Amino acid sequence: MAGSDWTCSLSAMHEWESPDYEPSLPVSEKSNPLTRDIDRASPNCIVRMLQACDAQMFQDGTGATYQRLLSEQVVETLTEVAKQVEHILKDPRDSLIVLSGCGTSGRLAFLVASAFNRALGELDRSSVYSYIIAGGDKALLSSQEAPEDDPKLGVLSLKKVCEGQKRVLFIGISCGLSAPFVAGQLDFCLQHPEVYTPVLVGFNPPHQARDERIPGCTFTFRSVARRMQELATRQRAFLINPAVGPEAVSGSSRMKGGSATKILLEVVLSAAHAATFADTPVTPKGLLQHMGAYEKTLEITYAQREGIGALLEAAGQSLRRGGRVCYLGWGPLGTLGLIDASECVPTFGAGCEDVRGYISGGYRELNNNEGPLGPDFCIAHEDFLRLVLPSLDDRDAVLLIYTHSGNNVGEVAELARTVREKTSNLHAVYHRVDGDTAAAEQQDDINKLCFSSLKFTWPSPASGISLHMQWELSTKLLLNAVSTGAHVLKGKIYQNHMVDLQVTNSKLYRRATRLLQKLSGGPESRCEEALLKAVYRVDELTADITSSDVSAHARAARSGTKAVPLALVCLLTGRSLREAGTHLEQHPIVREAVEACLS
Ligand code: S6P
């Protein structure tokens, strides 16, 4: 396809909602008809596809198969949950609001809990929010996929955080309604209603929640979601689960799933804070207004789609030439840079150095529970200057990410000068309020140093809506577009699937098997067999292997690479593992390797 003339028809926007469209898959795992050809699209076209995908978040739900972000029922539940939060804020003694999730969902739990604790701090109030991320704080900055499968670990970490509390509002986030870690926590809450009120945030209807047996447990995610659904009628549990449409890269819930999580949580918590501290009662109308501000955020962000396309192209070129992409950020936008960069490793099989984030102030600014995470996780600008700058050259792209509101434009200019001595591949992305001319001179200096500068100008906010949260969402969308687009340009995606995924937990194992079925046309049993052979690197499966469970396979998969592409080549060509390995060596770009087999 696709060139520059990609247009998105109304039917393509809605195709995924048809009951006949990939009926066996939950919404969060379906492939998006809008991005079928993203692997061959131009940079501008990629941005337009991502824009259309993101716009699906706010599609009208009237008469639709699924409830949506703005559906009456969803807004009603958000209102109820906001009131629960308000109760706790008004009387926070022995009470806690816990946000928990795995991978991106845990990262957003951290980001949102931190922001609202900061807001409380500014009002001289003590913190009320806690976050839990499966695998602990190092999962904020790296992929820890295995703990996601461990419901007991989920319960243990919840008990630890809630020790001594008498009232806990627990918000469990699992975009796919699938993570056993979160299912375990929700089940524990349901068993202890005298303390815990559970809220589930995700983006599938309950009947599409994962129903796979969880080893050692009597429940599945679906059975937990069903129990919550029953209790929801009495407001003893809450389900916030609008559909936002399939992800641009199938299953990559860091994108829309993460954005929608951020929107929903912020809408709820902002409303509760306004009710408690600004005497503005929680109402569905108020919540809808907040949502409207986020919809506007998408518009303002994608109005710059050509600028985003240029950034994505620069980043893609760097990766293709073996260079690096570095995000240098300030404040929460810096945290978003750290998060986006760390997700490239599990999402695209990228190397740790391919895309890296650094934040001004390092761990002091990040303010995570466990503090500095050791030499493998260097995140401060000083670390960038010490470890990266000496070897930086024009192949590497550097993005400065900041706002004009934090009094740090001078610091940005200084860093820009230092980086410019090593590479001209320097870009600025910044946000400012319309009419704010402070720091204009320093910005001029930065513009002169940078190859491109992307300026986002925002209207002064209506009351109650934090501009900072809109800037964060805008930055998340932009960085997701840059890193996803850059890896698409590098040839990491086939159609709209990530083929080279690591099967390091049960969700990824099942996704890989399905993908092999789809791309090879073979039956499930043959595809799983091929996958296992590639995971264990054997041409014949032993009884030991076939009698092991998925968690053992996921453990084995941690030590190898390219299992899924290898299995696919074997399935498509009938070659042995060794021959398939040679084929992949000859075609290091996964998309080309697959196409060579198919042609
Ligand atoms: C997705 C990301 C993953 C997920 C994690 C939790 O792009 O790479 O780490 O966030 O698997 O998924 P879920 O469905 O429980 O939110």
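Both ligands and their constituent atoms are indexed starting at 1 by order of listing. This structure is a prediction, so every number in the text was calculated from the model and none was measured.
The aromatic rings of Tyr66 and Trp16 sit parallel to each other, their planes meeting at less than 30°, with 60° as the upper class boundary.
With hydrogens and angles ignored, the 3.5 Å screen pairs a side-chain donor or acceptor of Ser157 with a backbone N or O of Gly154.
Annotation: side chain of Ser174 is not in contact with side chain of Arg210 (no heavy-atom distance under 4.5 Å).
Remark: Glu247 pairs with no residue by the salt bridge (Lys or Arg N to Asp or Glu O under 4.0 Å) rule, at least two apart or across chains.
At a heavy-atom cutoff of 4.0 Å, ligand 1 is surrounded by Cys102, Gly103, Thr104, Ser105, Glu145, Glu148, Ser174, Cys175, Gly176, Ser178, Ala179, Ser252, Ser253, Arg254, Lys507.
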Checklist entry - What do the steps show when you test Tyr358 against Tyr327 for ring pair (Phe, Tyr, Trp, His ring centres under 6.0 Å), and what is the final call? => result CA-CA 6 Å; Tyr358 298 91; Tyr327 303 148; 9.7 Å; no
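When all heavy atoms of Leu158 and Ile132 are compared, the closest pair comes out as CA-CD1, 3.7 Å.
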